[in-house]
Amino acid sequence: MRLKSGLKNSHCICRPAETICVRPAGFLKMTRYLIKKLNAFALLLFLVSISVFSVLFVLPGDPAQIMLGINATPETLANLRRELGLDQPFWTQYLTWMANLLTGKGSRSLNYDMPVYDLILSCMAVTGPMALMAMIFAVIISLPLGIYAARHQNRPADVTVMFFTQLGLATPEFWLGILLILLLSVNLGWFAAGGFPGWRADFWGSLKALLLPAFALGVIRASILTRLTRSSMLEVLREDYVRTAWAKGLRERTVIYVHALRNALIPVLTIMGLQLGQLLAGAIIIENVYYLPGLGRLVFNAIGQRDLPVVRDVVLFMAVAVVVVNFIVDLTYATVDPRIRLE
Amino acid sequence: MTSPLLEILDLSVHFHTPEGIVCAVDRVNIALNSGETIGLVGESGCGKSVTSLAVLGLISSPPGRIAGGSILFDGRNLLALEGDRLRRIRGREISMIFQEPMTSLNPVLPIGRQVAEPLMVHKGFTKKEALELAAEWLDQVKIPAVRRRLNDYPHQLSGGMRQRVMIAMAMVCGPKLLIADEPTTALDVTIQAQILSLMVGLKEKSGMALLLITHDLGVVAQMVSRVMVMYAGQIVEAGGVSDLFDRPFHPYTQGLLRSMPRLGDPGKKRKRLNEIAGSVPLLTERFIGCRFADRCPYTFDLCRLQAPELTDVREGQVARCWLIFQPEKRSLNA
Ligand SMILES: Nc1ncnc2c1ncn2[C@@H]1O[C@H](COP(=O)(O)OP(=O)(O)OP(=O)(O)O)[C@@H](O)[C@H]1O
Ligand SMILES: [Mg+2]
């Protein structure tokens, strides 16, 4: 009784609510964190570009020779080499390449005779959405399953989930892709068996064309994520602060989804980031199974045709994609875990 | 006389482990009146935390299992309450402070929010109102510059500060009973004194009951009216604080008191309870005789044959010891 009146009194002494949220120190630290990350990011890109360039520089196979065929005369060959800048020393070639990239001029594909930018862009219109859809599938399958399995550890539900994730881990994704085609396209006729109509021509058709491959990619990734979520969640549910949350009388969903999950997600996020980066670099096999004009197919063909500028730029692009995704993951980390942000 | 606020009756808690069944708590009885403070004392592993966790239904099952007994709170049997009804008692009518301030707060949530949460869930306050009140409470537990610290995270606070946050969090809803499980064990001696006096102050202001768990008899002496001494899952002696300190009956209680620093030699560092020779028996054993027999200086044949029950020593003091019936054995072996 006495306490209640005490609470009421103290509640009435209101101070301005705005003062609650001011946090200059934290903001500064966050900015410093960002700057540090950006520096590392730039350095990494430089190193990647150098190594991509050197590897392709020393690789055997003369693009000019391949373009002109074996019957070309030495003069025409030399002319083309000069035209392509292939007769220049290493650093000149590297700097020209970089300058072209940075000024937005870019390189041209030897094979298609069009800017590599345009090639990458049109392939990313397939690979990008497919990667995102695959990750969405992976996340909406794995998080609930992982949490559910952890909540029912060692009971039939958990054992079932673990069995299927084990199966998923052992399944090659192209096989799952073929299986889905056989089942849903050939037998049931719900989906086209492959190909990509293009977003402009047929938006829904394009979306539908990506659904099966994205699902195949997503399910396989969900297996790892489910197991990871489960084990991470199991660990966190044993923590003292989760017991505190129960002791406070919070609702089950608050305890699980706010107090436990936020902590459990930290290791899961890392793997999600890696998976997304990997998917953005193209899924060569699945793209071939579904006959999709994605990034994986582009680089695969370019290598076969010694289309050096394409290979170089696409590989660099993939590296950038991976680094950018990791950068985003780092930022997400920092929002989820204040210990990283305020270190 | 009115019935007690909290009445633990014959509570037994078992853990099913690969090594066998651990009887962590064995037929424990505790009664606590409104506004009263009692102490639960005993060395590490004797079942103090398990007893207190059982009150809030926080024993994880498996491996834990309430093997028997009942816990009456305000006329309700907590062990029979399911889901939401029990949840509404937690943090609102009964609050708990834990042993480990370093790990008991959520590392990814700001402290203001953590203190405010019980108010939102139990009292229906909006987030803004709850944060306002949380700030008041953090101020009351003497967190300096509260307004700037509401958005701080636990890792930015010291152990003592975190325990203050825990106390504020336990107090916000104005509980009728606060269970403090070794609230100062993990802290420096100077901080310990501050936290204890803070708790005494809050308790006096609010009129709540306090179950203070500790292995430090010194803490108990200053704060409580009655003490229960636990050993290997059982209450072995209980009584008023002055009786127990002046005339302890059970050899274990006597050992505990002897291991405390005396007045007059403050220079000596405080010794831990395990100064009593030997160690706590494994609780997976089946006991035939008295559980303290192996460490007791007065053990005689009966002690190993049959387990003693809690018996009156004098008005308001009980002990679990065969010496009550054969007091002459004490002088024989001493
Ligand atoms: N989850 C568990 N699984 C198995 N045994 C347990 C579990 N929790 C507690 N126990 C057992 O119960 C007994 C009592 O433990 P409890 O934590 O209550 O001791 P305590 O008196 O609080 O000790 P301390 O002073 O160290 O906190 C111990 O012997 C311990 O081994
Ligand atoms: Mg304990």
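Chain naming here is simple, since letters A, B, ... match the order of the sequence lines and numbering starts at 1 in each.
In this structure, A:Arg243 satisfies the cation-pi test against B:Phe98, with its NZ or CZ atom closer than 6.0 Å to the six-membered ring centre and inside 45 degrees of the ring normal.
When the candidates B:Gly112, B:Ser104, B:Ala170, B:Gly91 are compared by the number of heavy-atom contacts under 4.5 Å with chain A, B:Ser104 comes out ahead. Top candidate by heavy-atom pairs under 4.5 Å with chain A, chosen from B:Leu53, B:Leu86, B:Leu109, is B:Leu109. Across A:Thr254, A:Val258, A:Thr244, the residue that shares the most heavy-atom pairs under 4.5 angstrom with chain B is A:Thr244. No other option in B:Arg92, B:Arg149, B:Glu100, B:Met169 has as many heavy-atom pairs under 4.5 Å with chain A as B:Met169. Among the candidates B:Pro118, B:Gly57, B:Pro107, the residue making the largest number of heavy-atom pairs closer than 4.5 Å to chain A is B:Pro107.
Salt bridge annotation for B:Arg113-B:Glu117: present, with a cationic side-chain nitrogen under 4.0 angstrom from a carboxylate oxygen. Classification of B:Glu129 and B:Lys123 as a salt-bridged pair fails, no side-chain N sitting under 4.0 Å from a carboxylate O. Taking 4.0 Å as the cut-off between side-chain N and carboxylate O, B:Asp181 and B:Lys48 do not count as a salt-bridged pair. At a threshold of 4.0 Å, the pair A:Asp158-A:Arg151 does not count as salt-bridged, since none of the basic side-chain nitrogens sits closer than that to a carboxylate oxygen.
Taking 4.5 Å as the limit, every side-chain heavy atom of A:Phe41 sits out of range of all side-chain heavy atoms of A:Asn326.
Residue B:Ile97 does not touch chain A at all, counting heavy-atom pairs closer than 4.5 Å. At a 4.5 Å heavy-atom cutoff, the contact between B:Leu56 and chain A is made by side-chain atoms alone. Neither the backbone nor the side chain of B:Gln99 comes within less than 4.5 Å of any heavy atom in chain A. For B:Ser95, no part lies under 4.5 angstrom from a heavy atom of chain A. Neither the backbone nor the side chain of B:Met120 comes within contact range of chain A, judged by heavy atoms closer than 4.5 Å. Neither the backbone nor the side chain of A:Arg238 comes within less than 4.5 Å of any heavy atom of chain B.
Applying the side chain to side chain donor-acceptor pair (under 3.5 Å) test between B:Asn106 and each of A:Arg262, A:His259, A:Glu239 identifies A:His259 as the sole match. Of the candidates B:Arg88, B:His122, B:Arg76, B:Glu93 forms a side chain to side chain donor-acceptor pair (under 3.5 Å) with just one, namely B:Arg76.
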